[in-house]
Novice: 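The structure follows.
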Protein chains: 2
Amino acid sequence: MAVTLNDIAKKAGVSLATVSLALNGSNKVNKDTKNRIKKIAEELNYVPNARARALVKKSTKTIGLVIPEVVNPFFAELAQSIKDYVRSQDFNVILCSTDYQSEEELRYINMFRSGQVDGAIFACAGDLMAEHNDLIIKLVKENIPVVYVDRDGLNHDLIPIVKSDIYHAAYQAADYLISLGHKNLGFIGQSVERLSGVKSALKNQGLEIKEKNIYYDYLKMEGGYAAGEKIAARDEKPEAVVCLNDEMAIGVIQALIAKDVKVPEEISVVGIDNIKMANFYNPSLTTVNIPVSKMGEKAAEILMKKITGKTLSPKEKFFIFPTKLVIRDSTRKI
Amino acid sequence: MAVTLNDIAKKAGVSLATVSLALNGSNKVNKDTKNRIKKIAEELNYVPNARARALVKKSTKTIGLVIPEVVNPFFAELAQSIKDYVRSQDFNVILCSTDYQSEEELRYINMFRSGQVDGAIFACAGDLMAEHNDLIIKLVKENIPVVYVDRDGLNHDLIPIVKSDIYHAAYQAADYLISLGHKNLGFIGQSVERLSGVKSALKNQGLEIKEKNIYYDYLKMEGGYAAGEKIAARDEKPEAVVCLNDEMAIGVIQALIAKDVKVPEEISVVGIDNIKMANFYNPSLTTVNIPVSKMGEKAAEILMKKITGKTLSPKEKFFIFPTKLVIRDSTRKI
DNA sequence: GCCCTCTTTTAAAACGTTTAAGTTCATTTT
DNA sequence: AAAATGAACTTAAACGTTTTAAAAGAGGGC
C-alpha cells in the first residue's frame with residue numbers, strides 16, 4: 001500500500017540504492033538524477049518508513065520519560081521542558097507514568113531494553129523504586145543511556161544525575177519561618193531529605209521540631225488536606241508549617257480555612273516547588289522555587305549528549321540546581 | 001552485542017525459526033525443546049528486538065497523543081487516562097504537545113505517516129488547526145486510525161469523535177447564575193460554542209449579554225487575570241461571569257481579590273472543566289464538570305478498536321458525554 | 001587503443017524478527 | 001508393505017531501509 005523506495009526506483013528507472021542515496025542528500029549521486037528522484041518521491045507522496053529505518057539505524061529517535069504521574073504540575077512541567085528540548089533534536093518522548101507503582105517502572109525498564117527507545121530519563125520516584133537501580137545500571141550497560149532527575153543513584157559515571165538542592169530548599173523554608181519569629185514549626189509529608197533540612201535550620205537557632213508536629217501524609221493535595229484537618233483540630237497548634245510540596249501546602253491551607261483557622265494570621269504555611277498555582281492561589285503561596293524547567297532541559301541535553309556519544313564534563317555527571325525562596329502571602333511576621 | 005534469536009538457536013542447536021516459534025508459545029514445537037529454548041533465552045537474558053519486530057509486524061504498539069500542552073490540568077488528566085487505557089493493552093503513548101503551534105501539529109502528522117505509531121488521538125486544538133483536517137483524513141486513509149477528542153471534524157465515519165457537550169456546559173453555567181438572580185452576565189475567553197451556550201441561556205429568560213461584558217482574553221490563568229483586572233477597574237461591573245475554563249476562572253478571581261472585589265459577594269464566578277484545583281481553591285470554584293478521564297478512556301478504547309480492526313457502533317463514531325453543574329463557593333444568590 | 005582516474009550507479013548484505021511453505025521421519029492406516 | 005497422516009523442525013522469503021564494496025561509464029592523457 002504505502003510507497004517504498006522500490007516504487008520510486010522503478011518509476012525513476014534507477015536502483016533502490018540510488019534512490020536512498022539521493023533522498024538522503026548524498027553528494028555521490030548526480031545532481032540531475034537527484035532532482036528527478038526527489039520530484040518523483042514528492043509526486044508519490046513518499047514518506048520513509050520509520051520502522052525499517054529504526055531497524056537498520058539501531059535508533060528510534062525516541063526517549064522514554066519515567067515519572068510518577070502527569071497529573072501533577074511539577075512533573076507536567078518537567079515533561080514539557082524535556083519534550084521541548086528533545087523535539088528540537090528531532091526526537092520524541094514516550095510518556096511513562098508509573099502511578100508510583102514499582103511494577104510499572106519494571107515494565108518500562110523491560111520495554112526500554114527491547115530497544116524501543118534510544119535513552120531514558122527517570123524522575124524522582126521515591127524510595128520504593130530504589131530496588132530497580134541495579135536493573136537500570138544493567139540497561140545502561142546494554143547501551144541505553146539513562147539520566148536521573150532528582151533521584152538518587154550511586155554511579156554517576158554510568159548514570160548522570162540532575163537535581164535541585166532539596167535539602168537546602170527545606171532549610172531555606174524553615175529558616176525564613178524562623179526569621180519571621182516562628183519557633184514552633186511543623187513539617188508535612190514524607191521526605192527524609194526535606195525533613196532534615198528543616199531540622200538543621202531549627203538546630204542552627206537552638207530549636208527543635210516536635211515529633212507530634214510531623215505529619216506523614218500522602219504527598220498530594222488530599223494528603224495536605226488531611227494533615228490540615230488534624231492540625232485544625234488541635235488546641236495547641238504549630239505556628240508555622242513547611243510542606244513537602246506546593247500541592248500539599250494548598251491542601252493544608254484549604255483544610256485550615258475550611259475549619260476557620262486563618263492563614264497566615266494564625267498559621268504560616270510554606271510550600272516547595274513554586275508551581276504556577278502557587279502564585280494564583282489565595283492566599284498566594286510562599287514557597288521555594290525549584291527550577292524544574294531548567295532541570296528538565298538540562299537532563300534532556302545531557303541525555304542527548306550521551307545518545308550522540310559525546311563525553312560529559314564532570315559537572316554534567318552531577319548537576320545541581322540552586323533553589324530560591326519566593327515570599328508571598330501565606331506567611332507573616334509574628 | 002545484544003542477544004538475538006540466532007544466538008539462542010546456536011546454543012540450543014536448533015533453527016532460528018524454532019526459537020521464534022518456541023518463544024512465542026507456538027504449539028507446533030515440542031514441549032521439551034520449547035522449555036529448553038525458553039531456559040536458554042532466560043539464561044542469556046534475551047529480550048526481543050522491538051525495532052525488528054515492528055518492521056515485520058507493521059506495528060510499533062505505540063500511539064500518538066496530540067494535545068496543546070501538558071502543563072494544563074485538563075490535558076494532563078486526558079493524557080493520564082489515555083495512557084492508562086492503552087497501557088492495559090500493552091501499548092505506549094508518544095507525547096505530542098503542540099504548544100498551540102500549527103506547524104508543530106504538522107510535524108507530528110508527518111511523523112505519524114512514517115509509521116512510528118499505530119494510531120493517534122488529536123485533542124481540542126482550537127480553530128487554527130482546522131486546516132489540518134484534510135491531512136489527517138489522508139493519514140487515516142493511509143491506515144493510521146485517528147480519533148478526535150473535543151475537536152470538530154466533518155467525517156465521523158473516518159474519524160470518530162469523543163466529546164462533551166460544551167455548548168450545554170456553558171448553558172448550564174449561565175442558567176445557574178440566572179437562577180441565582182443575576183441578570184447582567186459576562187463571559188471570559190474565546191469560544192464560539194461556549195459563548196453561544198451562555199447567550200441562549202440568557203435568551204431563554206428574555207435576557208442578553210452586553211458586548212462590553214465579553215472578554216476575549218488568552219485561555220490560561222494569566223488571561224483570566226488580565227480580564228479580572230479590567231473588570232475590577234470598571235465602575236459598573238457584570239454581576240457574574242462565566243469563564244471558558246477553570247484556569248481562567250481562577251485567574252479572574254485572583255485578580256478581583258487583589259483589587260478588593262469580593263468573590264462571590266460582589267461578583268459570582270463560574271468555571272468549566274472541574275479540574276482538581278477547583279475543589280481546593282479558595283473560594284472553591286463553582287463549575288461545570290467535564291468528565292475528561294472518561295472521555296480519554298473512551299477515546300483510547302475506540303482507537304484501540306480501530307487499530308485492532310474491530311468495527312465501531314454508530315454511537316462510538318460520535319460519542320458525546322454529558323456535563324454536570326458542580327455548585328461550590330464562588331457563586332451566591334442575589 | 002590502452003590505462004588511469006573520477007563520477008555515478010548498482011548489487012548485495014545487513015538489521016532481527018515473523019511466518020508460509022516445505023522437509024524429515026516416525027507412526028498409523030489400509 | 002505401501003501410502004497416508006501428523007508432529008517437529010527447517011528453509012527461505014519478507015518487512016523497507018542503509019551502506020559498503022564493486023561495477024560501469026565517462027573522460028583524459030599518452
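Lettering of chains follows the sequences in order, A, B, ..., and the numbering in each one begins at 1.
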Novice: What integer distance in Å separates A:K31:NZ from C:dT9:C1'?
Specialist: 19 Å

Novice: Please give, in whole Å, the distance from C:dC25 P to B:N30 CG?
Specialist: 16 Å

Novice: Please tell me whether B:S81 and B:E297 have a donor and an acceptor in their side chains that are separated by less than 3.5 angstrom.
Specialist: no

Novice: Measure the distance from CD on B:Q116 to P on D:dG16 and round it to the nearest whole Å.
Specialist: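 Answer to the nearest Å: 16 Å.
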
Novice: Taking only N/O atoms, report every protein-nucleotides 17-19 of chain C pair under 3.5 Å with atom names and distance.
Specialist:
from	atom 1	to	atom 2	distance (Å)
C:dT17	OP1	B:Y46	OH	3.1
C:dT17	OP1	B:N49	N	3.3
C:dT17	OP2	B:L5	N	2.9
C:dT17	O5'	B:Y46	OH	3.1
C:dT18	OP1	B:R53	NE	2.9
C:dT18	OP1	B:R53	NH2	3.0
C:dT18	OP2	B:S20	OG	2.6
C:dT18	OP2	B:N24	ND2	3.2

Novice: Please state how far atom CZ in B:R51 lies from atom P in D:dT18, giving the value in whole angstrom units.
Specialist: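 Computing the B:R51:CZ to D:dT18:P distance gives 15 Å.
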
Novice: Do B:E69 and B:S97 meet the criterion of a side-chain donor-acceptor pair at a distance under 3.5 Å?
Specialist: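 No donor-acceptor contact under 3.5 Å links the two side chains.
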
Novice: Is any side-chain N or O of A:K58 closer than 4.0 Å to OP1 or OP2 of C:dG16?
Specialist: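 For C:dG16, OP1/OP2 do have a side-chain N/O of A:K58 under 4.0 Å.
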
Novice: Ignoring hydrogens and angles, write down the donor-acceptor pairs under 3.5 Å from the side chains of residues 156-163 of chain B, residues two or more places apart or on other chains.
Specialist:
from	atom 1	to	atom 2	distance (Å)
B:D157	OD1	B:K317	NZ	3.1
B:K163	NZ	B:E193	OE2	3.4

Novice: Indicate whether any N or O donor in one side chain lies under 3.5 Å from an N or O acceptor in the other, for A:E131 and A:S102.
Specialist: yes

Novice: Report the distance from atom CD1 of B:I37 to atom P of D:dA8, rounded to the nearest whole Å.
Specialist: 13 Å

Novice: Output the rounded distance in Å from CG (A:L55) to P (D:dG16).
Specialist: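 Checked: the CG to P distance equals 12 Å.
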
Novice: Quiz question: by atom type and distance under 3.5 Å, do the side chains of B:Q116 and B:T60 form a donor-acceptor pair?
Specialist: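 Judged by distance alone, the side chains do not pair up.
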
Novice: What is the distance, rounded to the nearest whole Å, between atom CG of B:N27 and atom P of D:dC9?
Specialist: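 Distance check: B:N27 CG to D:dC9 P gives 13 Å.
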
Novice: For a quick check under 3.5 Å, do A:N92 and A:T62 share a side-chain donor-acceptor pair by atom type?
Specialist: no

